[in-house]
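The block underneath contains the structure these notes are about, expressed in structure tokens.
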Amino acid sequence: MSELITAALVDLDLSAETKQDAARSLAERMVAEGRVTDLDGFLADVAAREAQMPTGLDGGIGIPHCRSGHVTAPTLAFGRSGPGIDFGAADGPADLVFLIAAPAGADDDHLTILSALARRLMDPEFTQALRAERDSGAAAALIRGEEATPAGSVPKAPAPEASAPQASAADDGTPVDGPVPDSVAPATEPFRIVAVTSCPTGIAHTYMAAESLAAAARAGGVVLDVETQGSAGFDRLDPALIAAADAVIWAHDVEVREKARFDGKPIVDTGVKAGINRPAELIAEARQKAERGETTALATGAATHQDGGATTSGDHAHFGVRLRTYLMSGVSYMVPFVAAGGLLIALSFAIGGYETAGAKSVADHFVWGEAASWAALLNQIGTAAFAFLVPVLAGYIAYGMADRPALVPGFVGGAIALTINAGFLGGLVAGLLAGAVVMAIQRVKVHPTLRGIMPVLVIPLIASAVVGFLMFIVVGKPIASLQRALTDGLNGLSGSNAIILGIVLGLMMCFDMGGPLNKVAYAFAVGGLADPTPGSLKVMAAVMAAGMVPPLAMALATTVRGRLFSRTERENGRAAWVLGASFISEGAIPFAAADPLRVIPSAMAGGAVTGALSMAFDCTLRAPHGGIFVVPLIGNPFLYLLAIAAGTTVATALVVLLKSMGRNTEAPAPAAETPKISVVV
């Protein structure tokens with residue numbers, strides 16, 4: 001830990017009032033120490049991580065953290081606040097703030113040490129000692145796992161659990177194969193649980209949940225082994241431990257890897273924060289499920305009792321929510337192909353013009369000194385990337401439904417969709433069919449000797465044949481006809497029809513700013529890029545333009561009429577300039593959460609204006625993201641920027657008008673009047 005934190009990175013009198021101010025104050029220390037190269041860029045990464053999930057923990061702890069390309073070395077800064085700072089924890093503000101900065105390619109050794117710190121934060125004695133410490137150097141030594149020692153003496157080595165990849169109920173970090181010691185184990189055979197913890201960044205919450213569950217298990221006489229699927233490594237639980245377990249706990253915010261290992265066990269499926277804040281309840285729930293004989297068949301998500309009756313789904317979400325999750329899983333894997341292929345094709349057009357698309361193969365006709373050859377090369381590489389869009393979409397929709405066995409039939413179905421010209425819609429249907437077929441096959445009980453070859457041979461073989469038959473013979477042609485009708489409809493959009501579509505897309509993009517409606521509109525636009533046409537390129541342009549409006553409007557409003565906003569909102573407004581310009585609609589969420597009745601209608605109005613103007617100006621876009629940074633690749637870029645400016649102006653004027661009505665504008669509202677919110681960007 002000596003390389004991660006020093007006395008210069010400790011502030012025992014942190015004066016910040018908001019979590020943004022706290023992060024900035026601690027990050028400035030990192031900049032001064034040469035650990036962070038770009039303060040604003042790093043803070044934007046911290047804010048983006050915070051938007052995924054608040055980093056406040058019960059017990060007065062805040063752990064803002066992120067991976068960032070602006071970090072030169074894994075670094076930890078610590079601040080102690082007297083009044084406390086709201087980080088979104090249920091029990092109130094945090095007085096202990098740890099800012100964790102990891103480089104984008106941080107090595108496992110440093111991340112293992114950071115995970116050890118996350119576990120130690122679950123120790124009340126450790127946090128009490130930090131609250132009592134009066135010297136910055138001693139506080140840094142305490143965080144490093146050392147005792148405060150005179151100069152020249154040898155510090156105490158870090159606690160041994162720092163390198164342990166798994167947390168256990170018996171010895172603070174070493175996996176247990178047998179019962180816990182007599183001091184904590186009941187007289188009878190102990191109840192055994194295996195758990196998996198994971199969080200989006202994999203730095204802090206993953207390991208804190210593991211330690212919290214282990215501590216609760218020790219207190220309850222339970223043998224518990226945890227697999228931490230975080231950045232410090234992924235060491236699989238011993239299959240023997242899983243086989244011997246009475247129940248399973250998943251405390252995760254990203255998909256659990258290799259779920260099939262836990263098939264047939266009682267499973268408690270929850271978020272990682274529940275593992276940190278209420279571990280005893282999760283253990284009790286696991287006991288209850290085991291006592292009822294409730295198990296989970298992971299092929300279908302359906303739980304069953306010993307009497308064979310079905311109970312609730314392993315995924316408690318409504319079918320519509322799960323369907324959207326499946327579709328967005330496919331779209332999320334497809335987007336990088338769209339981005340790479342689309343930008344390469346757009347660059348080829350910028351260099352060689354649109355006739356580049358008809359150039360001969362560069363494998364036989366490449367000339368080093370000709371710009372046309374380089375343009376053709378970029379175009380053909382981009383076209384090759386685009387060829388994967390529909391298969392990847394279908395494959396990962398199926399993967400989201402039924403895990404790895406569904407990948408092959410999903411990809412096969414997507415490739416067939418291209419063959420029969422069923423396009424994006426065909427890929428959607430192929431992915432859903434593949435996932436459903438694999439889930440149906442997994443329901444079939446097979447002899448134990450066949451289980452090993454089922455996921456690698458039997459399921460891909462049978463599912464691919466079934467999906468191929470359905471796509472070629474049954475549903476493929478009707479879907480292809482529908483795809484042609486949709487494509488012709490988009491290409492034929494003009495005048496009022498195009499403007500109406502632009503208004504609808506603009507309203508959807510700005511209603512929930514990153515929520516379900518926003519994602520549906522975005523998925524519709526990105527899907528059109530899988531088979532780009534003039535109409536689909538207009539849709540993509542309108543969607544991105546409208547999505548930029550909410551944060552830009554809030555940034556402009558806080559600039560021109562700052563007295564209508566609290567200090568926190570004005571701070572958020574400065575960050576919103578960058579977020580809006582980068583097409584990150586979530587930059588307006590803090591404003592919408594604090595004042596939804598004024599902010600959301602204003603943003604929607606501005607988004608509708610921008611979407612309508614983008615369509616009316618015939619603006620086009622091949623890139624699925626990028627904001628103003630891809631303007632050179634936009635068709636009619638000047639008019640495109642004009643559409644964004646017009647929508648931003650409308651939204652700004654409306655939010656200022658609504659906030660001015662019935663409010664005393666002679667002085668800014670005190671910071672205390674701003675509602676505490678759990679999402680910050």
Side-chain angles (χ1 to χ4, degrees), residues 17-21 47 50-51 54 86 88 502-521 543 545-613 643-681:
E17 297 179 358
T18 67
K19 56 184 173 183
Q20 295 93 338
D21 291 341
E50 191 81 17
D86 181 22
I503 291 173
V504 172
L505 292 172
L507 292 172
M508 293 175 69
M509 288 298 295
C510 299
F511 173 71
D512 49 6
M513 306 169 197
L517 275 181
N518 174 285
K519 289 295 187 289
V520 167
V543 162
M548 295 167 65
V549 167
L552 289 176
M554 296 306 105
L556 181 58
T558 56
T559 300
V560 299
R561 294 296 297 274
R563 63 183 182 179
L564 295 175
F565 298 88
S566 69
R567 176 183 172 184
T568 299
E569 289 174 322
R570 292 195 295 273
E571 289 286 339
N572 288 338
R574 287 195 286 270
W577 283 114
V578 177
L579 296 172
S582 303
F583 180 41
I584 301 177
S585 305
E586 290 86 346
I589 288 178
F591 303 91
D595 192 3
L597 296 181
R598 293 183 175 91
V599 171
I600 292 177
S602 303
M604 291 177 66
V609 169
T610 295
L613 290 177
I644 295 172
T648 300
T649 302
V650 169
T652 300
L654 188 55
V655 76
V656 167
L657 175 64
L658 293 176
K659 280 183 172 288
S660 299
M661 295 173 59
R663 174 181 287 194
N664 178 12
T665 60
E666 295 303 318
E673 293 181 6
T674 303
K676 300 295 185 182
I677 57 179
S678 61
V679 179
V680 176
V681 291

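With salt bridges taken as basic N to acidic carboxylate O contacts below 4.0 Å, none links Asp86 and Lys19.
Nearest heavy atom pair, residue Gly562 against residue Arg570, reads O-NH1, 3.3 Å. When all heavy atoms of Leu507 and Ala608 are compared, the closest pair comes out as CD2-CB, 3.9 Å. The two residues Ala555 and Thr558 come nearest to each other via the heavy atoms O-OG1, 2.8 Å. In plain terms, the two heavy atoms of Leu613 and Ala643 that are nearest each other are CB-CB, 3.7 Å. Scanning both residues, Pro551 and Ala576, for their nearest heavy atoms gives O-CB, 3.4 Å. Of all non-hydrogen atoms in Ala557 and Val656, the two that sit nearest each other are CB-CG2, 4.1 Å.
Thr610 OG1 to Ile503 CD1: the interatomic distance, rounded to the nearest 0.5 Å, is 11.0 Å. To the nearest 0.5 Å, the span separating CZ on Phe565 from NZ on Lys659 amounts to 5.0 Å. A distance of 7.5 Å separates OG of Ser660 from CZ of Arg563, quoted to the nearest 0.5 Å. Here the straight-line distance linking atom CZ of Arg561 with atom CG of Leu556 works out to 12.0 Å at 0.5 Å rounding.
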task = Evaluate the side-chain contact (heavy atoms from CB on, under 4.5 Å) criterion for residues Val655 and Phe591: first the C-alpha distance (whole Å), next the side-chain angles of each, then the deciding distance (0.1 Å), finally the verdict.
result = CA-CA 10 Å; Val655 76; Phe591 303 91; over 6 Å; no
Worked verdict on Thr18 versus Asp21 for side-chain contact (heavy atoms from CB on, under 4.5 Å) = CA-CA 5 Å; Thr18 67; Asp21 291 341; 3.2 Å; yes
Would you give me the side-chain donor-acceptor pairs under 3.5 Å for residues 577-584, sequence neighbours excluded?
| unit_1 | atom_1 | unit_2 | atom_2 | d |
| --- | --- | --- | --- | --- |
| Ser582 | OG | Val578 | O | 2.8 |

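Looking only at side-chain heavy atoms (C-beta outward), Leu552 and Ile644 come within less than 4.5 Å of each other.
When atom types are taken as modelled, the side chain of Thr652 and the backbone of Ala553 share a donor-acceptor pair closer than 3.5 angstrom.
In this structure Leu654 satisfies the side-chain contact (heavy atoms from CB on, under 4.5 Å) test together with Ser602, Ala605, Leu658, sequence neighbours excluded. Checked against side-chain contact (heavy atoms from CB on, under 4.5 Å), Ala546 has the following partners two or more places apart in sequence or in another chain: Met509.
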